[in-house]
Amino acid sequence: MFYTPSSELPTHLILRNQLRQVFFPSVGIHLPRPPQLFPYSPSSEASSKWLDAHYDPMANIHTFSACLELADLHGDGEYKLVVGDLGPGGQQPCLKVLKGPTVLSESPLPALPAAAATFLMEQHEPRTPALALASGPCVYVYKNLRPYFKFSLPQLPPNPLEQDLWNQAKEDRIDPLTLKEMLEGIREKAEVPLSAQSLRFLQLEPSEMEAFVNQHKSKSIRRQMSLPSVPVFLEVSGQFDVEFRLAAACRNGNIYILRRDSKRPKYCIELSAQPVGLVRVHKVLVVGSNRDSLHGFTHKGKKLWTVQMPAAILTMNLLEQRSRGLQAVMAGLANGEVRIYRDKALLSVVRTPDAVTSLCFGRYGREDHTLIVTTRGGGLIIKILKRTAVFVEGGGEAGPPPAQAMKLNMPRKTRLYVDQTLREREAGTAMHRTFQADLYLLRLRAARAYAQALESSLSPVSATAREPLKLHAVVQGLGPTFKLTLHLQNTSTARPILGLLVCFLYNEGLYALPRAFFKVPLLVPGLNYPLETFVESLSDKGISDIIKVLVLREGQSAPLLSAHINMPVSEGLAAA
């Protein structure tokens with residue numbers, strides 16, 4: 001095995017490593033080095049469980065957890081590390097195979113890798129696994145580290161209107177600007193989403209459109225997504241021929257759970273933040289979010305627990321110790337920590353010298369329990385779990401506080417409590433019916449008020465998809481002159497808005513405005529536009545009124561949205 005205790009290293013190797021750190025401190029210079037010389041001090045808690053096998057800060061490995069796989073590729077009992085490497089800056093993707101700390105082979109890839117997995121293709125001995133690597137829209141299968149099979153994802157039928165537009169572009173019957181306008185209309189109204197080619201075309205500048213159309217008009221458009229959003233993490237459980245579940249975390253902040261032979265998601269888990277990792281631990285889905293927290297969900301979407309992290313979560317993976325029947329989740333953090341949790345209980349913390357980008361745990365070489373960590377700077381860390389190590393829940397950082405387990409002194413049951421209990425027992429059905437009637441009446445009144453607000457454009461958010469606007473007003477000052485700021489925002493994704501007007505309705509006997517009607521400049525999507533004006537209070541009686549703000553479309557009488565501003569009492573006049 002590649003593990004060598006640091007105390008047994010020769011003196012000349014230690015001196016050579018120190019000189020290399022002095023003269024070649026920059027990342028990217030590759031020199032031979034001893035397998036273990038740690039420039040950082042691991043914690044006492046982690047060192048009691050882990051052996052430091054290897055650390056190379058300049059290993060030049062850039063990947064994430066889904067592209068790491070441990071497998072016996074040659075059937076000799078020696079497990080290798082397969083790495084789908086993105087390359088520096090994602091420019092030179094390649095497939096690397098490591099044995100211990102050294103790279104055995106390296107072959108280029110046609111596109112960036114997305115995931116790697118090993119499986120058995122044959123039943124006869126020796127049972128050597130094959131490697132499946134997802135790269136671009138294809139899955140490449142390697143056998144004996146040589147390309148064996150290529151599987152392309154099946155195409156879905158494209159939108160017929162989109163197909164007709166690209167056919168017209170192929171025959172030069174439509175110009176690029178008209179093609180863009182028509183594709184934008186299809187994207188807003190059609191149920192079938194656009195292809196990746198059309199979406200890429202809509203993001204181009206006008207000067208780049210013609211060259212893009214000439215390059216791609218002869219190609220057939222492809223659509224390969226069937227979920228409501230783009231999936232970024234997948235987790236599968238069960239057997240393909242019997243029953244299986246597929247959990248997909250998507251870019252819209254939702255997790256969709258599909259079952260066998262289901263064309264639509266069976267359950268949907270709506271997250272309050274974007275997911276950054278998805279791991280299945282037994283029957284629990286553990287999700288990491290970009291709000292520095294771990295969440296546990298059932299397969300039906302019920303939330304079980306939440307744990308807050310001390311730093312941002314960069315990667316997640318599963319830790320499985322089969323000899324002890326342990327399954328836990330590993331979370332790599334931006335502060336260089338690797339935290340191991342079983343449910344919401346913290347089991348161990350491993351500290352590294354840099355932010356963690358990928359994690360992998362399993363059999364490596366001839367060691368059953370090996371932890372492999374890659375860092376942001378391209379470093380490689382290998383640790384071995386001691387055979388005597390036992391994970392014990394502790395740290396006091398997770399779970400309920402100790403005060404929650406203390407029993408409270410409950411007061412004695414009074415006569416009034418007993419009478420109310422008997423009343424609820426006898427008239428429980430009538431009380432429930434009354435409660436349900438009041439609840440339905442409350443919902444009906446809320447729905448009527450909401451519908452009335454939409455019809456009269458009283459809401460600060462536009463209800464129409466053609467004019468996605470948002471309005472917010474702020475009043476500043478003590479009086480008699482107030483500063484009124486209107487924050488107007490275009491909430492569409494890619495379409496600017498022109499031709500808007502702002503109108504103020506107010507009591508002219510109480511207030512005076514320099515401009516009660518003005519035009520709004522062009523609204524770029526996503527930006528907040530503050531529109532400022534001044535309001536002068538004319539009354540000296542200490543009274544206030546409401547000023548109505550209307551956002552109109554030029555040539556239309558009905559407002560798009562409106563806001564009622566409750567003006568404060570002028571304290572300047574009151575003090576005078």
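What you are looking at is a predicted structure, and each value in this text was computed from that prediction instead of being measured.
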Let me know which of Leu314, Ile61, Leu68 forms a side-chain contact (heavy atoms from CB on, under 4.5 Å) with Ser358.
Leu68

As a quick check of understanding, evaluate side-chain contact (heavy atoms from CB on, under 4.5 Å) for Leu131 and Val141, giving each step before the final call.
CA-CA 6 Å; Leu131 172 65; Val141 178; over 6 Å; no

Donor-acceptor under 3.5 Å (Arg515 side chain, Cys503 main chain)
no

Counting only N and O atoms by type, is there a donor-acceptor contact under 3.5 Å from the side chain of Asp292 to the main-chain atoms of Met309?
no

Would you confirm whether Tyr506, through its side chain, and Val535, through its main-chain N or O, come within 3.5 Å as a donor-acceptor pair?
no

Side-chain heavy atoms of Arg339 within contact of Met330, under 4.5 Å:
no

Is there side-chain contact between Glu184 and Leu202, with at least one heavy-atom pair below 4.5 Å?
yes

Before giving the answer on side chain to side chain donor-acceptor pair (under 3.5 Å), spell out for His564 and Ser562 the whole-Å C-alpha distance, their side-chain angles and the decisive distance to 0.1 Å.
CA-CA 7 Å; His564 291 189; Ser562 62; 4.9 Å; no

For Met182, look at atom CE and say whether over 12 heavy atoms of other residues, nucleotides or ligands are found less than 6.0 Å away.
no

Heavy atoms of Arg280 and Leu318 approach each other most closely as O-CD1, 3.9 Å

Is it possible for you to check whether Lys143 lies under 6.0 Å from the centre of the six-membered ring of Tyr148, through NZ or CZ, and within 45° of that ring's axis?
yes

Interatomic distance, Met121 atom CE to Phe149 atom CZ [nearest 0.5 angstrom]
8.5 Å

Can you establish whether the number of heavy atoms outside Gln92 located under 6.0 Å from its atom CD is more than 12?
no

Provide the closest heavy-atom pair for Gly526 versus Gln489 in the form atom of the first, atom of the second, distance.
O-NE2, 3.5 Å

What's the spacing between Leu523 CG and Asn490 CG if we round to 0.5 Å?
6.0 Å

What distance do Lys303 atom NZ and Glu270 atom CD have between them, rounded to the nearest 0.5 Å?
12.5 Å

Parallel, tilted or perpendicular, judged at 30° and 60°: which one describes the rings of Phe504 and Phe518?
tilted

Side chains of Val97 and Leu81 in contact at under 4.5 Å (non-hydrogen atoms):
no

For Phe64, does its backbone N or O pair with a side-chain atom of Thr357 as donor and acceptor, under 3.5 Å?
no

For the backbone of Asp354 and the side chain of Thr375, can you confirm whether one donor and one acceptor N or O come within less than 3.5 Å of each other?
no

Take atom CD in Glu210; do more than 12 heavy atoms of anything else shown fall under 6.0 Å from it?
no

Any donor-acceptor N/O pair, Glu69 side chain to Val83 backbone, under 3.5 Å
no

Heavy-atom pair with the smallest gap, counting every atom of Ile313 and Ser289:
CD1-O, 4.3 Å

Looking only at atom types and distance, does a side-chain atom of Asn566 sit under 3.5 Å from a main-chain N or O of Ile546, one as donor and one as acceptor?
no

Salt bridge (Lys or Arg N to Asp or Glu O under 4.0 Å): which pairs involve residues 522-534, sequence neighbours left out?
Lys483-Glu532

From Thr352 OG1 over to Asn335 CG, what is the distance, rounded to the nearest 0.5 angstrom?
8.0 Å

Is the closest side-chain heavy-atom distance between Leu359 and Val338 below 4.5 Å?
yes

What I'd like to find out is whether the side chain of Leu278 reaches to under 4.5 Å of the side chain of Leu285, using heavy atoms alone.
yes

So, does Asp85 use its side chain to make a donor-acceptor pair with the main chain of Gly87 at under 3.5 Å?
yes

Thr298 versus Leu304: any side-chain heavy-atom pair under 4.5 Å?
yes

Could you work out, with ring-ring contact (aromatic ring centres under 6.0 Å, His included) as the rule, every residue matching Phe151, not counting sequence neighbours?
none

Would you indicate whether the side-chain heavy atoms of Leu271 and Ile255 approach each other to under 4.5 Å?
yes

Verdict with supporting geometry, Tyr450 and Arg448, side chain to side chain donor-acceptor pair (under 3.5 Å):
CA-CA 5 Å; Tyr450 179 70; Arg448 287 177 177 175; over 6 Å; no

Over all heavy atoms of both residues, which pair between Ala249 and Pro275 is shortest? Give the atoms and the distance, please.
CB-CG, 3.9 Å

So, for His299 and Lys283, which heavy atoms are closest and what is the spacing to 0.1 Å?
CD2-O, 3.4 Å

Donor-acceptor contact below 3.5 Å, side chain Gln308 vs main chain Arg291:
yes

Give every donor-acceptor pair under 3.5 Å between a side-chain atom in residues 169-177 and any protein atom, sequence neighbours left out.
unit_1 : atom_1 : unit_2 : atom_2 : d
Glu171 : OE1    : Arg173 : NE     : 2.9
Glu171 : OE1    : Arg173 : NH2    : 3.3
Asp172 : OD1    : Lys217 : NZ     : 3.1
Asp175 : OD1    : Thr178 : OG1    : 2.6
Asp175 : OD2    : Leu177 : N      : 3.3
Asp175 : OD2    : Thr178 : N      : 3.1
Asp175 : OD2    : Thr178 : OG1    : 3.1

Report yes or no: does Ser293 contribute a side-chain atom to a donor-acceptor pair with the main-chain N or O of Val307 at less than 3.5 Å?
no

Going through the checks in order, is the side-chain contact (heavy atoms from CB on, under 4.5 Å) test met by Tyr140 and Leu95?
CA-CA 11 Å; Tyr140 300 91; Leu95 177 64; over 6 Å; no

Nearest 0.5 Å, what's the CE-CG distance between Met316 and Leu333?
10.5 Å

For the atom pair SG (Cys94) and CG (Leu109), what is the distance rounded to the nearest 0.5 Å?
6.5 Å

What pair of heavy atoms forms the shortest contact from Thr63 to Cys67, and how long is it?
OG1-CB, 3.2 Å

Taking the side chain as everything from C-beta on, heavy atoms only, tell me whether Val356 gets closer than 4.5 Å to Thr374.
no

Could you go step by step and tell me if Leu70 and Phe361 meet the side-chain contact (heavy atoms from CB on, under 4.5 Å) rule?
CA-CA 8 Å; Leu70 294 170; Phe361 183 86; over 6 Å; no

Between Phe297 and Lys302, is the side-chain contact (heavy atoms from CB on, under 4.5 Å) condition met? List the steps.
CA-CA 5 Å; Phe297 294 90; Lys302 181 181 179 181; over 6 Å; no

